[in-house]
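One structure is given here, and the rest of the page talks about it.
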Amino acid sequence: VQLQASGGGLVQAGGSLTLSCEATPRIFAVSAMGWYRQVPGNERELLAEIRISGKTTNANTMQGRFTYSRDNAKSTVYLHLSNLKPEDTAVYYCNTVPPFQTWGRGTQVTVSS
């Protein structure tokens, strides 16, 4: 199963990033997908579930700063992060919901103050 997140980087507080994650098409087509993140010292947490229909459920929008979407034609989910804060520093992952045991490569987001 391919679960490859990208788009992270170092950004100043107040900046924006758009993360993307491409999944194996045959898995993506039949799965609700999720964005997860792991803040240093904490367990990995689910940020949002994005259903096949595109509807987002159980979403933590971080007071409207995080926006979730998926493109079924590209087997890709997106996470747009805006007005970033230092506490958003984490590794961001995608996986199915519930998640496969195997996690793909996450993408590091580092927000400087």
Side-chain angles (χ1 to χ4, degrees):
V1 176
Q2 173 184 296
L3 297 163
Q4 191 157 302
S6 61
L10 174 62
V11 62
Q12 288 188 330
S16 300
L17 286 172
T18 298
L19 310 182
S20 61
C21 182
E22 184 174 0
T24 303
R26 62 180 174 82
I27 300 298
F28 190 94
V30 298
S31 302
M33 297 297 298
W35 277 103
Y36 301 77
R37 76 174 184 181
Q38 188 164 21
V39 174
N42 290 3
E43 293 188 355
R44 191 154 32 204
E45 61 175 333
L46 173 66
L47 294 174
E49 175 181 347
I50 311 161
R51 296 183 177 177
I52 297 171
S53 65
K55 181 178 180 180
T56 301
T57 61
N58 301 317
N60 187 345
T61 67
M62 303 295 181
Q63 295 86 45
R65 299 187 298 111
F66 288 10
T67 305
Y68 307 90
S69 61
R70 70 187 280 165
D71 185 333
N72 290 338
K74 296 182 179 180
S75 301
T76 300
V77 289
Y78 300 95
L79 169 55
H80 181 67
L81 313 165
S82 61
N83 191 21
L84 281 160
K85 303 178 179 182
E87 53 264 40
D88 296 322
T89 294
V91 180
Y92 289 75
Y93 302 85
C94 78
N95 206 326
T96 56
V97 179
F100 277 108
Q101 264 193 321
T102 302
W103 290 81
R105 188 187 71 191
T107 188
Q108 174 73 47
V109 172
T110 303
V111 185
S112 62
S113 57

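Keep in mind that the numbers below use all heavy atoms, side chains included, and drop hydrogens, waters and symmetry copies.
- In this structure, a donor-acceptor pair under 3.5 Å is absent between the side chains of E22 and S20.
- Shortest non-hydrogen contact noted between L3 and A23 is CD2-CB, 3.9 Å.
- Here CG of L10 is found 8.5 Å from OG1 of T89. Values are rounded to the nearest 0.5 Å.
- Side-chain atoms of N83 and M62, non-hydrogen and from C-beta on, never get closer than 4.5 Å to each other.
- Residues P86 and A13 approach most closely at CD-CB, 4.2 Å, considering heavy atoms.
- Note that the CZ atom of F28 and the SG atom of C94 stand 8.5 Å from one another [nearest 0.5 Å].
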Step-by-step side-chain contact (heavy atoms from CB on, under 4.5 Å) determination, S82 to H80: CA-CA 6 Å; S82 61; H80 181 67; 4.1 Å; yes
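- Between Q38 atom CD and Q108 atom CD the span is 10.5 Å, to the nearest 0.5 Å.
- Under the rule for a salt bridge (charged side-chain N to carboxylate O under 4.0 Å, His left out), R44 has no partner lying at least two apart in sequence or in another chain.
- Within the model, atoms CG of L84 and CD of Q12 stand 11.5 Å from one another, a figure rounded to the nearest 0.5 Å.
- At least one side-chain heavy atom of M33 sits under 4.5 Å from a side-chain heavy atom of T96.
- The heavy-atom pair separating P40 from A90 by the smallest distance is CD-CA, 4.4 Å.
- Judged by distance alone, the side chain of T56 and the main-chain N or O of I50 form no donor-acceptor pair under 3.5 Å.
- In the hydrophobic cluster analysis, where Ile, Leu, Val, Met, Phe, Trp and Tyr join through side-chain heavy atoms closer than 4.5 angstrom, V11 is grouped together with L81.
- Listed by first then second residue, pairs satisfying salt bridge (Lys or Arg N to Asp or Glu O under 4.0 Å) with a partner in residues 77-106 read R37-D88, R65-D88, not counting sequence neighbours.
- L46 and F66 fall into different hydrophobic clusters, where Ile, Leu, Val, Met, Phe, Trp and Tyr are joined by side-chain heavy atoms under 4.5 Å apart, directly or via other members.
- When hydrophobic clusters are built by joining Ile, Leu, Val, Met, Phe, Trp and Tyr residues whose side-chain heavy atoms come closer than 4.5 Å, directly or via intermediates, Y78 is not grouped with Y68.
- When side chains are defined from C-beta on, W35 counts as touching C21, because their heavy atoms get closer than 4.5 Å.
- The stretch residues 94-113 participates, sequence neighbours left out, in these ring pair (Phe, Tyr, Trp, His ring centres under 6.0 Å) pairs: Y36-W103, Y93-W103.
- Under the 4.5 Å side-chain criterion, counting only non-hydrogen atoms from C-beta, T102 is not in contact with V1.
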